[in-house]
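Along the sequence shown, residues are numbered consecutively beginning with 1. Not measured: the values here are computed from a predicted model.
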Amino acid sequence: MGAAPERMGAAPERSGRAALAGGEGAEEPPSLLARLFGCASRRKTASHQQGAGDAGVDAAALEEERDLLANVKRMRDQRVEDVMIPRADIVSAPASATLEELVAVFRDASLTRVPVFRETLDDPIGFIHLKDLAFAYGFDGAEARAKFDIHRHMRPLLYVPPSMPTAKLLQRMQASRKHIALIIDEYGGVDGLVTIEDLVEQIVGEIDDEHDGADPAPWREESKGVFVALARADVAAFEEAAGVDLLPPDLDEDVDTLGGLVFMLSNRVPERGEVIETPDGHEFEVIEADPRRIKRLRVTLAGSGPDRGVKRPARPAGGDAPPAQGGADAAPTPDRKDGATSEAA
């Protein structure tokens with residue numbers, strides 16, 4: 001997000017109504033979300049209603065406003081775990097990091113906030129803001145850098161459960177002036193990370209700053225019915241684009257990504273080169289992976305591909321894993337990722 005957190009006045013408490021309710025005739029001061037998107041007062045609403053009858057009304061603008069309000073309302077029921085950055089992608093730094101190591105983390109990740117942990121990411125102690133480092137050490141030369149102490153610049157994190165509504169977390173970030181939160185599971189471990197940018201994007205869409213590169217396409221079609229896809233590609237979006245139903249009914253609510261679907265079908269971490277076949281005949285070939293996770297897949301829909309009808313040496317879903325081949329491509333039982341990779345700051 002680049003800039004330091006701006007102070008936004010905390011929304012006053014309202015009893016007996018949701019903070020985002022925005023019902024007609026309400027006299028309370030408008031919420032943060034209402035103020036952000038021009039729906040704060042009945043005067044503006046009335047203005048739009050009056051303008052709707054004029055020939056010069058910008059229908060596209062009115063439609064966009066309706067979409068924004070619909071997104072705001074959706075956040076009442078949307079849970080934090082639905083928008084969080086997964087643990088495996090959290091960029092973080094150990095408390096033992098030197099100034100040079102910390103700067104390298106910021107430089108490589110193009111972030112402004114990075115969580116800091118003691119031994120593992122399950123023991124976080126706060127976060128470091130890039131602006132704090134720049135002001136403290138960026139202009140005073142080697143003498144100031146020699147006195148670097150990471151704890152001197154530590155800021156407290158928010159810790160929230162996966163089930164918290166995103167609207168509630170957005171209000172909490174506004175009130176506390178903390179724009180980064182870790183999602184903690186029932187055992188006290190870190191499940192993921194959410195920033196205020198992630199939440200605002202649920203309302204207005206993707207926000208890219210000057211340092212954000214273009215995201216790669218989640219999949220591309222190699223030939224008819226054959227796709228190369230990122231493991232993080234959304235299952236529902238892929239199904240809609242490909243015109244296919246990949247998920248069996250019992251997994252519809254449990255799987256969000258193609259990689260997650262392959263994990264659920266195989267009940268383990270598949271190796272690179274392994275092919276997992278669904279009961280409907282769709283095939284998932286792992287073409288890039290490391291010992292902890294899948295990165296890229298080749299998806300061959302049933303009845304597609306050059307060698308359909310030919311018996312392939314593939315294991316069906318849930319089959320036993322082959323003996324480990326050793327080396328970097330071996331796939332042991334996955335451990336939790338200990339704070340090595342992401343936060344969208």
Side-chain angles (χ1 to χ4, degrees), residues 1 5-23 28 30-37 68-92 111-117 120-127 129 155-207 232 234 236 252-257 260 336-337 339 342-345:
M1 291 193 291
E6 296 181 4
R7 179 165 186 168
M8 295 181 285
E13 293 292 332
R14 299 177 181 85
S15 60
R17 65 187 290 268
L20 302 176
E28 294 92 338
S31 68
L32 165 66
L33 296 177
R35 294 198 305 272
L36 281 174
F37 304 109
L68 291 175
L69 292 176
N71 290 340
V72 171
K73 292 178 180 178
R74 180 172 54 85
M75 290 181 71
R76 300 174 186 172
D77 301 319
Q78 185 182 53
R79 300 194 300 179
V80 169
E81 65 179 347
D82 296 328
V83 303
M84 71 180 185
I85 297 164
R87 177 190 175 97
D89 293 336
I90 296 178
V91 172
S92 57
L111 302 175
T112 56
R113 298 172 180 85
V114 168
V116 177
F117 60 89
T120 72
L121 190 56
D122 287 326
D123 190 13
I125 57 177
F127 76 94
H129 199 296
R155 292 174 177 262
L157 285 157
L158 289 177
Y159 302 99
V160 300
S163 58
M164 174 180 281
T166 54
K168 184 175 181 180
L169 178 57
L170 182 58
Q171 288 183 314
R172 186 172 173 186
M173 285 182 168
Q174 176 203 7
S176 65
R177 298 170 58 201
K178 298 182 180 74
H179 291 183
I180 179 173
L182 288 180
I183 288 72
I184 306 300
D185 64 22
E186 59 184 314
Y187 304 106
V190 173
D191 266 357
L193 180 148
V194 170
T195 68
I196 197 169
E197 180 178 313
D198 298 322
L199 300 180
V200 174
E201 286 180 339
Q202 302 308 306
I203 304 170
V204 301
E206 197 71 22
I207 300 173
R232 292 180 192 157
D234 183 76
D252 272 343
E253 300 298 326
D254 298 327
V255 177
D256 297 320
T257 66
R336 299 193 64 149
K337 183 75 173 175
S342 168
E343 171 244 2

Of all the heavy-atom pairs spanning Leu157 and Gly126, show the shortest one and how long it is.
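Closest pair (atom of Leu157, atom of Gly126, distance): CD1-O, 3.3 Å.
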
Taking all non-hydrogen atoms of both residues into account, name the closest pair between Arg232 and Thr257 and its distance.
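Answer, listing the atom of Arg232 first, then Thr257: O-CG2, 3.7 Å.
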
Please enumerate all residues that pass side chain to side chain contact (heavy atoms under 4.5 Å, CB included) together with [X], with sequence neighbours excluded.
X      : answer
Ile184 : Tyr159, Leu182, Val190
Asp234 : Ala236, Ala237
Pro162 : Glu81, Ile183, Asp191

Could you grab the distance from atom CZ of Arg79 to atom CG of Asp77, nearest 0.5 Å is fine?
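Going from CZ on Arg79 over to CG on Asp77, the span is 11.0 Å.
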
Between the OG1 atom in Thr112 and the CD atom in Glu197, the distance rounded to the nearest 0.5 Å is 8.5 Å

Answer whether the closest heavy-atom distance between the side chains of [X] and [Y] falls below 4.5 Å.
X      : Y      : answer
Ser163 : Val80  : no
Ser92  : Val116 : no
Gln202 : Val83  : yes
Leu158 : Ile180 : no
Val160 : Arg172 : yes

Worked verdict on Thr195 versus Asp198 for side chain to side chain donor-acceptor pair (under 3.5 Å):
CA-CA 5 Å; Thr195 68; Asp198 298 322; 3.2 Å; yes

Test applied, side chain to side chain contact (heavy atoms under 4.5 Å, CB included); reference residue, Leu199; option that passes from Met173, His179, Gln78:
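Result for side chain to side chain contact (heavy atoms under 4.5 Å, CB included) with Leu199: Met173.
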
Tell me, with the steps shown, if Asp122 and Arg87 meet salt bridge (charged side-chain N to carboxylate O under 4.0 Å, His left out).
CA-CA 10 Å; Asp122 287 326; Arg87 177 190 175 97; 2.8 Å; yes

Any ion pair linking Arg74 and Asp82 (charged N to carboxylate O, less than 4.0 Å)?
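Salt bridge absent between Asp82 and Arg74.
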
With a 3.5 Å distance limit and no angle check, can you tell me whether Asn71 reaches the backbone of Ile203 through a side-chain donor-acceptor pair?
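Yes: the side chain of Asn71 pairs with the backbone of Ile203.
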
For Thr166 and Met75, indicate whether the former's side chain and the latter's backbone hold a donor-acceptor pair under 3.5 Å.
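Looks like yes, one N/O pair under 3.5 Å.
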
